[in-house]
Amino acid sequence: MQARYQPAEIERQAQSHWQAHKAFRAVEQSDKPKYYCLSMFPYPSGKLHMGHVRNYTIGDVLTRFYRMKGYNVLQPMGWDAFGLPAENAAMANNVPPAKWTYDNIAYMKKQLQSLGFAIDWQREFATCKPDYYRWNQWLFLRMLEKGLAYKKAGVVNWDPVDQTVLANEQVIDGRGWRTGAPVEKREIPMYYLKITAYADELLEALEQLPGWPERVKTMQANWIGKSEGVEIAFPYADDHAQSLKVFTTRADTLMGATYCAVAAEHPLATRSAKNNQQLATFIEECKRGAVMEAELASQEKKGMATGLFVIHPLSGEKLPVWVANYVLMGYGEGAVMAVPAHDQRDFEFATQYRLPIKCVIKPVGASLKQPLTGAYVEHGISFDSGEFSGLNFQQAVDAIAAALNKKRLGRKRVQYRLRDWGISRQRYWGTPIPIIHCAYCGDVPVPDEQLPVVLPENLVPDGTGNPLAKTPSFYDCLCPKCNKKAKRETDTMDTFVDSSWYYIRYACPDQKRAMVDERVRYWLQVDQYIGGIEHAILHLLYSRFWTKVMRDLGLVKLDEPFTNLLTQGMVLNEIFFRKSANGRITYYNPADVEISMDDKGQRTCAKLKADGLPVESGGMGTMSKSRNNGVDPQALIEEYGADTARLFVMFASPPEQTLEWSDTGVEGAARFLRRLWNYGVEFENGAITAGLQLQKATRFEIHSVLKQANYDMAKHQFNTVASAAMKILNALDRMRGVKDDVAKEGLSILLRLLYPITPHISHQLWRELGYGEDILDAPWPAVDEAALEQDEIELVLQVNGKLRGNMRVPREAAREAIEKMALTHPSVQKYVNGQPIKKVVVVPGRLVNVVV
RNA sequence: GCCGGGAUGGCGGAAUCGGUAGACGCACGGGACUCAAAAUCCCGCGGCCGCAAGGUCAUGCGAGUUCGACUCUCGCUCCCGGCACCA
């Protein structure tokens with residue numbers, strides 16, 4: 001056995017051992033329960049970042065843990081290989097996205113392997129290969145047949161200089177990222193997937209996902225945004241046959257409506273603008289603005305009267321119609337009834353434009369203080385509302401809906417916030433949409449036997465439009481129906497399509513003739529899915545939808561794709577920067593900054609190593625290129641080894657929380673592994689047997705810690721599992737030089753506890769110390785309850801809830817006896833000090849609280 | 001703006017059902033070993049008062065419930081994630 005811990009050597013040996021034994025190949029077998037553990041596959045951006053290391057270490061810990069627990073485990077890996085960054089890199093380096101992507105995959109695969117993950121590499125695939133994306137195309141065609149895919153106009157960001165569609169990310173402060181030209185909105189035809197057809201099921205089924213974090217389920221539920229309300233028609237004042245439809249969840253406030261507001265894109269706005277130049281200009285201005293909701297919702301409220309009026313459906317009052325930039329065309333009817341007294345946005349708008357405010361709802365058993373300083377938005381009691389006065393929220397909604405129904409001017413209905421999924425992208429590096437445009441036959445689906453529509457891999461985008469649209473060899477084709485010359489669709493699919501079902505394909509990646517086969521039934525659902533919290537809504541919702549579509553097409557027998565979900569937190573690092581006189585900010589990598597401390601360990605200053613001058617700290621932020629605060633995992637692995645990297649990311653914080661990078665924390669992890677190795681060496685050379693007292697205390701300590709670790713492991717709280725391992729080593733360290741059954745048992749527990757986190761060192765010590773050939777299939781250690789038995793337990797003594805001392809009592813002591821002992825205890829008597837005792841609270845096994 | 005989450009010593013974090021706040025680690029201080037340094041080992045380590053015993057304050061801020069609150073309720077502040085074409 002090596003005297004010193006040499007991670008590079010140990011890790012090389014362990015990894016070649018696993019490779020030689022094909023240790024991680026997953027085969028369908030029925031004598032064990034299966035466990036499919038999946039981490040979100042990476043985008044091949046170039047090299048691994050710390051988020052990957054964290055994500056895949058969590059997955060690997062669970063995979064190895066479940067294997068020890070007797071499960072038949074599968075942990076696959078692949079590449080989310082289509083996407084925008086490949087096109088950007090292609091432009092920058094004048095190299096096709098395909099080459100860039102494949103090179104990145106090769107490099108990142110090596111990195112993943114050097115981290116020692118227990119991955120079944122036989123199942124690896126990349127989504128940019130026709131073998132995979134042909135099934136995107138195939139399923140799209142099935143959805144088209146079912147009416148689940150359809151074409152309609154959609155709005156995109158248009159760069160008028162580059163003549164190209166921009167992603168939201170490429171729009172910076174309303175301008176194109178390359179040209180700086182103000183971005184315009186443009187309507188173009190696009191394909192949509194009808195996710196709204198599944199809105200109710202996607203919402204209802206959240207209740208059947210006990211293994212999902214509550215916060216993710218809440219976010220999805222809010223995103224789907226089911227609301228029950230009333231659709232109300234306001235007849236036009238100049239034409240009673242026509243009406244303006246609005247949707248509201250607050251029909252109880254209808255009698256307080258003082259105007260209506262429509263979105264800039266609403267037909268009524270367009271109509272009024274025809275002979276109103278000022279209004280037309282205003283509408284143009286609104287339309288030019290942001291596409292992104294975050295921007296729309298935070299912009300200053302603006303509006304303009306249309307000059308049109310509608311009739312209040314119950315009171316018959318004439319109400320003005322305004323165009324307002326806070327009304328979204330994409331939700332409900334694109335029009336709202338405005339009740340300034342009881343809606344904050346309406347209140348602000350009405351105040352700004354001096355529109356009337358009419359109060360109709362007051363708190364229960366109180367009156368409403370007027371004039372209002374803000375909207376009263378609570379559910380209350382109606383007043384000044386004619387026949388509806390005195391009703392509560394539900395009564396008022398019901399009565400008003402009934403009254404509207406009678407006049408045929410309204411009805412109750414359900415509204416969702418969720419919109420259909422637009423999948424068309426005017427970009428090259430994605431799955432071609434399998435449609436052919438024929439001048440005679442219209443849009444014709446590509447016949448199944450002509451799939452896949454293969455994406456050429458040799459194009460280089462230049463930033464002006466989609467290269468596919470400039471490549472006749474791609475788009476020239478014949479119409480499958482009439483055989484005349486036709487043009488292939490050049491839009492590609494959103495990359496979320498690729499990631500919506502890859503977890504199914506891992507079960508059968510080599511299946512050439514079908515999207516899925518019978519192996520899918522064995523492996524799916526995914527038992528544990530792990531990925532960043534940033535995917536809580538879109539990716540996870542699309543995947544759930546896609547699974548349900550596949551189910552309804554008879555392809556899989558799954559209602560939901562992921563049984564358990566773990567959403568890992570982001571990886572942060574400190575941000576250092578300098579601001580120059582003209583306000584320009586330069587960021588410096590933390591690795592290039594030297595921190596000075598005073599003798600209390602508090603920071604005194606931070607200086608750049610290069611010039612010794614101070615830099616400012618911007619606090620902690622997510623690791624990003626733009627802020628230059630990333631840490632390269634490669635350098636870390638080379639300096640300390642994979643086990644140290646893995647231990648650090650597991651130990652630094654619980655998996656769901658953000659993780660703050662710390663160089664000294666990494667050194668701490670490395671130090672622990674050195675100590676472990678040194679202990680292994682000393683144990684091997686040990687000769688003596690510990691005394692009975694020490695043996696008993698050590699076993700008690702180790703088994704208590706193990707019990708806690710089992711609990712933490714079940715909770716996926718790996719940071720405390722790592723500290724359990726440290727506690728066990730501390731306990732073993734107290735009997736250094738000892739080689740007896742207790743030390744032997746303790747070390748075997750320690751190695752197995754640590755193995756999922758730091759597999760290489762555990763593997764090596766397990767073999768070197770003669771525990772067995774391979775720790776891979778060793779059983780997870782079991783707690784010996786007998787080691788935990790104690791004759792006496794310690795109770796805490798409190799007086800009025802304040803800690804005043806403690807006492808030891810026999811394990812089986814009766815409540816009365818404990819009370820008596822507590823009351824006569826000197827530290828209790830001192831504080832009771834003769835005062836009358838009101839009550840004594842005894843919490844068995846924990847404490848006694850005397851209340852005076 | 002809307003939706004979701006977070007805040008505990010100098011730092012990362014722990015505290016299972018409301019029951020000893022600060023486990024484990026880092027940083028720092030003192031000591032041992034060493035010609036010296038690194039590595040390693042031992043001791044200390046929330047603030048304030050105190051020689052000590054001990055006391056007292058303390059889990060972002062402000063209220064409340066309770067014998068007892070990091071934990072539950074209400075109201076704030078700041079930070080982070082998402083907002084439908086980044087993945």
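Basis for what follows: all heavy atoms, side chains included, without hydrogens, waters or symmetry-related copies. In what follows, every chain begins at residue 1, and chains take the letters A, B, ... in the order their sequences are listed.
The CG-P distance, from N104(A) to A87(B), rounds to 15 Å in whole Å. To the nearest angstrom, C1' of C3(B) lies 13 Å from CD1 of I224(A). Atoms CD (E701(A)) and C1' (A23(B)) sit 11 Å apart, rounded to a whole Å. Atom CG of L538(A) is separated from atom P of C3(B) by 18 Å (rounded to the nearest Å). Whole-Å rounding puts the Q568(A) CD to G81(B) C1' distance at 13 Å. Rounded to an integer number of Å, the gap from M190(A) CE to C85(B) C1' is 8 Å. Put simply, CG on N710(A) is 14 Å from C1' on U16(B), counting in whole angstrom units. Computed from coordinates, the D420(A) CG to A84(B) P distance equals 16 Å when rounded to whole Å.
Under 4.0 angstrom from either OP1 or OP2 of A39(B) there lies no side-chain N or O belonging to N678(A). Phosphate contact (OP1/OP2 of U8(B), side-chain N/O of Q657(A), threshold under 4.0 Å): absent. Here R675(A) reaches the OP1 or OP2 of C41(B): one of its side-chain N or O atoms lies under 4.0 Å away. The phosphate of C24(B) has neither OP1 nor OP2 within less than 4.0 Å of any side-chain N or O from K727(A). At A87(B), one or more side-chain N or O atoms of T495(A) fall inside 4.0 Å of OP1 or OP2 (strictly under the cut-off). Here R734(A) does not reach the OP1 or OP2 of C42(B): none of its side-chain N or O atoms lies under 4.0 Å away.
Within 4.0 Å (heavy atoms only), V216(A) reaches no atom of the nucleic acid at all. S424(A) comes within contact range of at least one nucleobase, with a heavy-atom separation under 4.0 Å. Heavy atoms of W421(A) sit nowhere under 4.0 angstrom from any nucleic acid atom. Counting any heavy atom pair closer than 4.0 Å across all strands shown, Q798(A) reaches a base atom. L418(A) comes within 4.0 angstrom of a nucleotide base, judged by non-hydrogen atoms across all strands. Base engagement by Y711(A) is indicated by at least one non-hydrogen atom pair under 4.0 Å involving a base atom. Within 4.0 Å (heavy atoms only), N730(A) reaches sugar-phosphate atoms of the nucleic acid but no base atom. Among the atoms of the strands shown, none is found under 4.0 Å from any heavy atom of E656(A). Among the protein residues, E660(A) comes within range of the sugar-phosphate backbone only, with heavy atoms under 4.0 Å from sugar or phosphate atoms but none that close to a base. Looking at heavy-atom distances under 4.0 Å, R671(A) makes contact with sugar-phosphate atoms alone, never a base. Using a 4.0 Å heavy-atom criterion, one finds that R425(A) contacts the bases of the nucleic acid, with or without backbone contacts as well. Within 4.0 Å of H539(A), counting heavy atoms only, lies no atom of the nucleic acid at all. Nucleic acid contact class of K802(A) (heavy atoms, under 4.0 Å, all strands): sugar-phosphate only. Contact annotation for R417(A): base contact, defined as any heavy-atom pair under 4.0 Å involving a base atom.
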D343(A) and R250(A): salt bridge (charged side-chain N to carboxylate O under 4.0 Å, His left out), yes or no, with the steps? CA-CA 9 Å; D343(A) 179 283; R250(A) 291 300 305 271; over 6 Å; no
I'd like to know whether D494(A) forms a salt bridge (charged side-chain N to carboxylate O under 4.0 Å, His left out) with R425(A), so could you lay out the CA-CA distance, the side-chain angles of the two residues, the decisive distance to 0.1 Å, and finally the verdict. CA-CA 6 Å; D494(A) 180 4; R425(A) 298 290 179 270; 3.1 Å; yes
Please walk me through it: do F651(A) and F672(A) pass ring-ring contact (aromatic ring centres under 6.0 Å, His included)? CA-CA 11 Å; F651(A) 179 62; F672(A) 170 74; 8.5 Å; no
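Side-chain proximity of N168(A) to C86(B), G1(B), U20(B): nearest is C86(B). You'll find that the side chain of S723(A) is closest to A23(B), out of A23(B), C67(B), G81(B). Nearest to the side chain of R427(A), among C85(B), A87(B), C80(B), sits C85(B). Which of C83(B), G13(B), A87(B) sits closest to the side chain of N719(A) comes down to G13(B). Proximity note for F496(A) (side chain, C-beta onward) versus G81(B), A87(B), G13(B): the nearest is A87(B). Distances were taken from every side-chain heavy atom of V156(A) (C-beta onward) to each of C85(B), C86(B), C83(B); the shortest belongs to C85(B). Here the nucleotide nearest the side chain of E293(A), chosen from G4(B), A14(B), C83(B), is C83(B). Looking at the side chain of R804(A), the nearest of the listed nucleotides U56(B), U20(B), C83(B) is U56(B). Side chain of E534(A), nearest nucleotide from A87(B), A84(B), G19(B): A87(B).
Between C11(B) and G5(B), the two P atoms lie 26 Å apart (nearest whole Å). Rounded to whole Å, the P atom of U66(B) lies 34 Å from the corresponding atom of G13(B). Only the C1' atoms considered, C67(B) is 35 Å distant from G12(B), to the nearest whole Å. A distance of about 15 Å separates the P atoms of U65(B) and U73(B), rounded to the whole Å. The separation of C61(B) from U71(B), taken at their P atoms, amounts to 11 Å, rounded to a whole angstrom. Nucleotides C86(B) and G6(B) are separated by 24 Å at their C1' atoms, to the nearest Å. Comparing C28(B) with C45(B), their C1' atoms are spaced 8 Å from each other, to the whole Å. Separating the P atom of A14(B) from that of G22(B) is a span of 15 Å, rounded to the nearest Å.
A salt bridge links D733(A) with R675(A); the closest basic N to acidic carboxylate O contact falls under 4.0 Å.
With a glycosidic angle more than 90° from 0, G4(B) adopts the anti conformation.
Judged by distance alone, with hydrogens and angles left aside, N222(A) brings no side-chain donor or acceptor close enough to the base of C3(B) to form a pair under 3.5 Å.
Of the residues near RNA chain B, P42(A) and K830(A), the one whose nearest nucleotide (by heavy atom distance) lies more toward the 5' end is K830(A). The nearest heavy atom of RNA chain B to V843(A) and to Q717(A) marks one nucleotide each, and the one closer to the 5' end goes with Q717(A).
Aromatic rings of W661(A) and F648(A) (six-membered ring for Trp) have centroids within the 6.0 Å cut-off, being under it. The six-membered or imidazole ring of W546(A) lies away from that of Y198(A), with a centre-to-centre distance of 6.0 Å or more.
Of the candidates Q352(A), Q344(A), R345(A), E348(A) forms a side chain to side chain donor-acceptor pair (under 3.5 Å) with just one, namely Q344(A).
Side chain of S543(A) to main chain of L540(A): no donor-acceptor pair is present (N/O by atom type, distance under 3.5 Å, no hydrogens or angles).
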Distance-only criterion, 3.5 Å: show the donor-acceptor pairs between side-chain atoms of residues 844-852 of chain A and protein atoms not counting sequence neighbours.
| residue | atom | partner | partner atom | Å |
| --- | --- | --- | --- | --- |
| N849(A) | OD1 | N800(A) | N | 3.4 |
| N849(A) | OD1 | G801(A) | N | 2.9 |

